[in-house]
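Just so it is clear, the values below take in all heavy atoms, side chains as well, and ignore hydrogens, waters and symmetry mates. Each chain gets a letter, A, B and so on, in the order the sequences are listed, and its residues count up from 1.
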Protein chains: 2
Amino acid sequence: MQKLIDYINQYAKLDDAAILELELRAEIEKFKKNEFILEQGEYCNKIWFIKSGMVRKFHLHEGKEITAWIHVVNDIITSLYSYFHQTPAIEYLQACEETELIGISRENSKKLAQFPQFVTFTNVLMGEHFVKIDTNSREFGLMSAKEKYDYLKQISPEMIKRAKLGHIASLMGVTQETLSRIRKQT
Amino acid sequence: MQKLIDYINQYAKLDDAAILELELRAEIEKFKKNEFILEQGEYCNKIWFIKSGMVRKFHLHEGKEITAWIHVVNDIITSLYSYFHQTPAIEYLQACEETELIGISRENSKKLAQFPQFVTFTNVLMGEHFVKIDTNSREFGLMSAKEKYDYLKQISPEMIKRAKLGHIASLMGVTQETLSRIRKQT
DNA sequence: CTAATTTTTTGATCTACATCAAAAAAACTG
DNA sequence: CAGTTTTTTTGATGTAGATCAAAAAATTAG
């Protein structure tokens, strides 16, 4: 739990009462390799924080798995649309390896919102997230395969080190053959 | 101003007092064709609503103009990052044709925030915007040029009808020659 | 530790789209 | 509305990355 507290503290300083409440509301969940945290069609009623391990978010498009992102330790994961609109999720969340999450349900999240620090945290997080997406996301699509790879290596070296080649390729929007060839050049 | 009121009403019903305050705080701004609403390096201190006309958002990348989006009537425009972080904008906002905007400055926006309807409106808008970007943006990058064109025609037919070929091509991330050829096939 | 399965690499060929160049069409401007 | 500039179209050729096929390497399981 300390990891999550440290993480939130970067955005909004938590006092003892807030930490106590958090410990009451958040629960540790463990997943084995390849186990699903969320499947398409389910309602996503939680937000998770990755304590250890790695989680891949993907959806199906014409039968193929399209990796949206591969999250590592200290990332927040959820199905945003499903969580906020209370609709069935269109995507899957799958543990890439032995993974420990800290989960907070919608109801518990509401209780936490009595503490202004958590509201601040949520707002900042959302703001950051969406500004980040706004600036990076289209840019990414315009890069060459090599540029995409270098960019990913820079912003998430852990992910590049540990994730499967095929998953990274899918995230980049190229075939695994292409990624394999990119890795070979130097 | 009625257009903006109608637009906000979709999200949060405005009463007479709120409308009065809005009319006090928002001001009409007119731009000629090709005139800049915002330039790179400037601080963006306003959010605008497009009353009439069309606005292109772009930035420079290796000397070339990369079109991020082309906004039409009833769209909200701003430089998100600059507005919220009070940093110099990295992008340009340019009127594609004779354009009328309704602008609200940051200070006036704060005043409006005394009315809960405006807060609701802002939150919903931000939420919508960022969920939309999250779902569509990467998807878009994976489409073929033809698919991108069909998608854009579907979500913004007005823009496809009125914007310059070169601008649309840049938004799609293809050359204008390619877009011209796509348009020719039926 | 060995066999089975999964993942990654390598090679050959194909294709969507880029680039370069120039003509045709459309839109301004005096 | 004639001349100039800008935008769009057309054609020829080049290239990054896809696809198909199969070997090599790594992982997993009995």
(message) So, taking the atom named OG in S170(A) and the one named CG in L165(A), what distance separates them when rounded to the nearest 0.5 Å?
(response) 11.0 Å
(request) Could you tell me the separation between the CD atom of Q176(A) and the P atom of dA24(D), rounded to a whole number of Å? (result) 18 Å
(message) What contact category does K148(A) fall into here, base, sugar-phosphate, or nothing, at under 4.0 angstrom with non-hydrogen atoms?
(response) nothing
(message) Looking at dT9(C), I'd like to know if its phosphate oxygens (OP1 or OP2) sit under 4.0 Å from a side-chain N or O belonging to K184(A).
(response) no
(request) Any chance you could measure L101(B), atom CG, to F31(B), atom CZ, to the nearest 0.5 Å? (result) 5.5 Å
(message) Less than 3.5 Å apart, any donor N or O on the side chain of Q94(A) or H167(A) sitting next to an acceptor on the other?
(response) no
(message) Output the rounded distance in Å from OH (Y149(A)) to C1' (dT8(C)).
(response) 13 Å
(message) Rounding to an integer number of Å, can you tell me how far E97(B) CD sits from dA27(C) C1'?
(response) 14 Å
(message) Expressed as a whole number of angstroms, how long is the span from R162(A):CZ to dT7(C):P?
(response) 17 Å
(message) Main chain of K32(A), side chain of E35(A): is a donor-acceptor contact present, judged purely on distance under 3.5 Å?
(response) yes
(request) For Q185(A) and dT10(C), give me the distance from atom CD to atom C1', rounded to whole Å. (result) 14 Å
Any N/O pairs under 3.5 Å between the protein and nucleotides 13-19 of chain D? List them or say none.
unit_1: dG17(D); atom_1: OP1; unit_2: A145(A); atom_2: N; d: 2.8
unit_1: dA18(D); atom_1: OP2; unit_2: T175(A); atom_2: N; d: 3.3
unit_1: dA18(D); atom_1: OP2; unit_2: T175(A); atom_2: OG1; d: 3.1
unit_1: dA18(D); atom_1: OP2; unit_2: T178(A); atom_2: OG1; d: 2.4

(message) Between P on dT6(C) and NZ on K33(A), what's the gap in Å once rounded to a whole number?
(response) 12 Å
(message) Is it true that D6(A) and Q10(A) share a donor-acceptor pair across their side chains at a distance under 3.5 Å?
(response) no
(request) Measure the distance from CG on L142(A) to C1' on dA18(C) and round it to the nearest whole Å. (result) 14 Å
(request) In whole angstrom, give the distance that lies between atom CD1 of I168(A) and atom P of dT9(C). (result) 10 Å
(request) Tell me who clusters with L20(A), hydrophobic residues only, linked when side chains sit under 4.5 Å apart either directly or through other members. (result) none
(message) What's the separation between atom CG in L60(B) and atom OH in Y92(B), rounded to the nearest 0.5 Å?
(response) 4.5 Å
(message) With a 4.0 Å cutoff (strictly under), does any side-chain N or O of K164(A) reach OP1 or OP2 of dA26(D)?
(response) no
